[in-house]
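The structure appears right after this line, and notes come after that.
Whatever order the structure lists them in is the order used to number ligands and atoms, beginning at 1.
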Amino acid sequence: MKIRKKSHSSLITHHSSLSSDKFHDECGVVGVYGHPEAANLAYLGLHALQHRGQEGAGICSSDRKQLYIEKSMGLVADIFSEKRLRRLPGDIAVGHNRYSTAGSSVLKNVQPIMVNFSLGSLAIAHNGNLVNALELRKELEEQGAIFQSTADSEVIVHLIASSKSGRLNERLIDALGKLYGAFSLLLMTEGELFAVRDPYGFRPLSIGKHDGAYVVASETCAFDLIGATYIRDVEPGEMLIINKDGLTSLKPLNAPRHAFCVFEFIYFSRPDSYIFGNLNVNAIRKELGKQLARESHVEVDFVIPVPDSGVPAAIGYAEECRIPFEFGLIRNHYVGRTFIEPQQAIRHFGVKLKLNPVRKLLEGKKILVIDDSIVRGTTSKKIIKMLKEGGGAKEVHLRISSPPTIGPCFYGIDTPTRKELIAATHEIEETRKYITADSLKYLSLEGLLKVVPNPSEYCTACFDNKYPVFSPSEKTEQMELFNYA
Ligand code: AMP
C-alpha cells in the first residue's frame, strides 16, 4: 500500500488521496503460526498468491526469540532460494506479495515492514488501500515520526508505536480504529500472529489449519497448495490473536455495512479460490457469462475468451447459448500482466507479446469474444485488430462480463484515474467505434447483482460511483461529488 499524492485539481477527475493512478497496489498476504516449517509454508502460499502482486515479495519469521526478514523486488520463485529460506527459522511467519505500478517500485516499499519499538519487534503485511493514510502520515510527521517508505502500511506501524495504550493488543486496536479504507492485515511479533480485516471487509482473508498449525491467507488457493483445510473467513471487523493460548477472536471494529470487493470475483482472485463466505470464484465467473448471454446474445459461429481473464465467463456464455467454445487466442504465459507496464507505448506492444490469434480457426468466421473488463480500452482495441487482421475473422463482437468501469478503486484494485477510464468519458457506442468491434455489450449492473449472493454486501463503486467509505477530511467533498444524501 502506498501514499498517493494530494492534488486539488478538478472535482471531475476527483480527488486527493484517491486520485493518482501511480500508486495503487493490490497485494497478497499469508501467515503461519505453529509450524516448524513456517517460512517454507509462507513461501508456498505466496507462490499461489503470485497473481495478487508481482513487483516484490517478502517473508518475516520468528523463532520466538527474534524476527528474521528476507525481501526483494521480483517474483516469489526468483527471490527465495533454499539458502534464503534457511535464513528464516522458526514456527511463525508472515509473507507478502506486492503489486504496484512501476512509478513506485522500490525495495523499501516491499513488505512485510519490520520494526523494533518499545514492546519488542513487530512485522506487518497489508492488503488494501487506506483512504486516510496521507492525513495520518502528516499528523504523525508533525509529532516527530520519521518514515522509511512511502507505503501507507507504515502509518499503521507508527500508530501502534505511538499509542498511549499499554499492551500490544490495545495499541493495535487503538491504531486500527484510526484507519479508514481497506485492510486485510497480518501482524506478527516474536510470539504472536494477528489477523485483522477492516469492518467493511473489502479484501478477502481466510483462516485454515495445517498439521495443527494455523494458516491465514488472502485466498484459499494458498491453502490448497500447502494442504491446509479452510476453516472460515476472518470476519469483517474481526481481529484474531493466535498465540500459545490458541486462537482468540475480538470484534473491535464496526462499519455501517459490508463492502466486499465485487471485482475480486470479476477479475482479481484466482478462479480456484473460495472467497467472501466460501464462494467459488470460477462458479461466479461462469454465472456472469451466462447472465451476459441472457442479456446480449448475437448469432455467431463460436465464442472465444480473452485468456486467462475471460475464460470462465466465456465457458458460461457458450453453455447458456449452446454454441461452441474455442480457444482463438493463445496466451504466452511467460510474460507478466501487460497492465503493470506504465507507458502506453509499451502497453500496446504488450498485448501482442502476450496473445496471438489462431488463424486456421478464425478465418472468415463471425466470433464473439469475452473479456472480464475494459479499463482504458487499449487491450480490446489491440485484440480486435489482431483477430481481424492476424486471424482473418469476418465479424468480432465483444462482450464484457462486468458493467462499464466508470470509477477508480480507492480500496486496493489497480485502476487509472477517472479520466483515463474509457467508460467514464465515452458512450458505449463511442467505445465500440474506438475499439472497432462489430458490436459491444457489457453485463448490466442489475445482472451482476443477480449473480452475486447478498448483493447489498458488495462494493460496486467502480461500476456505480457509490463509494462506501471516504477519508474523514474528504467526506463532504466526496459526498457532494457523488450526489450522496
Ligand atoms: P485496458 O487495456 O486498459 O482496457 O485493460 C483491460 C484489460 O486489463 C482486461 O483484459 C482486464 O482483464 C485487465 N484488467 C482489468 N483490471 C485490471 C487490474 N486492476 N489489473 C490488471 N489488469 C486488469
Side-chain angles (χ1 to χ4, degrees), residues 21-28 50-55 97-102 127-129 182 202-203 261-271 281 285 288-289 292 304-314 329 331 335-355 369-387 398-426 428 430-432 434-437 440 442-443 459-463:
D21 69 331
K22 279 266 159 62
F23 305 118
H24 294 205
D25 307 72
E26 298 154 340
C27 303
Q50 185 74 81
H51 62 289
R52 295 187 75 87
Q54 302 93 40
E55 185 201 49
N97 272 337
R98 181 183 159 82
Y99 174 124
S100 127
T101 51
N127 172 211
N129 253 41
F202 284 103
R203 301 280 143 239
C261 170
V262 80
F263 206 71
E264 291 273 357
F265 279 136
I266 291 166
Y267 171 82
F268 200 48
S269 286
R270 250 171 63 162
V281 175
R285 282 188 196 160
L288 294 174
L292 183 61
I304 69 163
V306 173
D308 293 327
S309 53
V311 174
L329 286 166
R331 179 171 169 186
V335 287
R337 289 182 180 190
T338 58
F339 201 83
I340 316 166
E341 290 153 3
Q343 287 165 14
Q344 285 287 323
I346 305 173
R347 289 171 49 77
H348 282 256
F349 188 53
V351 177
K352 227 173 162 177
L353 274 178
K354 194 163 95 170
L355 297 170
V369 191
I370 307 229
D371 203 357
D372 67 290
S373 58
I374 297 181
V375 182
R376 296 176 174 89
T378 322
T379 308
S380 310
K381 191 177 168 71
K382 285 279 149 191
I383 284 173
I384 291 167
K385 188 164 182 253
M386 185 181 277
L387 290 167
L398 182 63
R399 296 291 178 271
I400 302 296
S401 61
S402 67
T405 306
I406 54 169
C409 178
F410 307 141
Y411 313 117
I413 294 286
D414 180 29
T415 27
T417 55
R418 188 177 306 275
K419 63 175 191 285
E420 289 170 272
L421 294 170
I422 194 163
T425 49
H426 296 77
I428 294 181
E430 288 175 320
T431 304
R432 184 199 66 76
Y434 170 72
I435 63 175
T436 71
L440 165 66
Y442 292 84
L443 180 67
C459 175
T460 47
C462 52
F463 305 127

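Ring pair Y99/F268 is perpendicular by interplanar angle, where above 60° counts as perpendicular and below 30° as parallel.
Contact detail for R418 and I406: the closest heavy-atom pair is NH1-O, 3.0 Å.
The closest approach between a heavy atom of S380 and any atom of ligand 1 is not below 4.0 Å. The shortest separation from a heavy atom of E26 to ligand 1 is under 4.0 Å, placing the residue in contact. In this structure, T415 does not count as a contact residue of ligand 1, since none of its heavy atoms falls inside 4.0 Å of the ligand. Under a 4.0 Å heavy-atom criterion, D414 is in contact with ligand 1.
Taking all heavy atoms of G412, A423, G377 into account, the minimum distance to atom 4 (O) of ligand 1 is reached by G377. The nearest non-hydrogen atom to atom 13 (C) of ligand 1, considering only F263, Y267, F268, comes from Y267.
Looking at heavy atoms from C-beta onward, L398 lies in side-chain contact with I374 at the 4.5 angstrom threshold. Side chains of T405 and R376 form no contact here, defined as non-hydrogen atoms less than 4.5 Å apart. You'll find the side chain of I428 reaches within 4.5 Å of the side chain of L440, heavy atoms only. Residues V375 and L421 meet the side-chain proximity criterion, which asks for heavy atoms closer than 4.5 Å.
Contacts between S309 and ligand 1 below 4.0 angstrom, taking non-hydrogen atoms only, involve the side chain exclusively. At a heavy-atom distance under 4.0 Å, only side-chain atoms of D371, from C-beta outward, approach ligand 1. With a 4.0 Å cut-off on non-hydrogen atoms, D372 touches ligand 1 through its side chain and not its backbone. Within the 4.0 Å heavy-atom criterion, both parts of T378, backbone and side chain, lie near ligand 1.
Looking at R285, its side chain does come within 3.5 Å of a backbone N or O of F265 through a donor-acceptor pair. R432 places a side-chain N or O within 3.5 Å of a backbone atom of A437 that can act as its donor or acceptor partner.
Just one of C459, C409, S373 meets the side chain to side chain contact (heavy atoms under 4.5 Å, CB included) condition when paired with F263; it is S373.
If you number the atoms of ligand 1 from 1 as listed, the ones under 4.0 Å from a heavy atom of I413 come out as 19 (N). Under a 4.0 Å criterion applied to the non-hydrogen atoms of Y99, ligand 1 contributes the atoms 20 (N), 21 (C). Close approach of ligand 1 to R376 (heavy-atom distance below 4.0 Å) involves ligand atoms 1 (P), 3 (O), 4 (O).
Residue I374 places no N or O, backbone or side chain, under 3.5 Å from any N or O of ligand 1.
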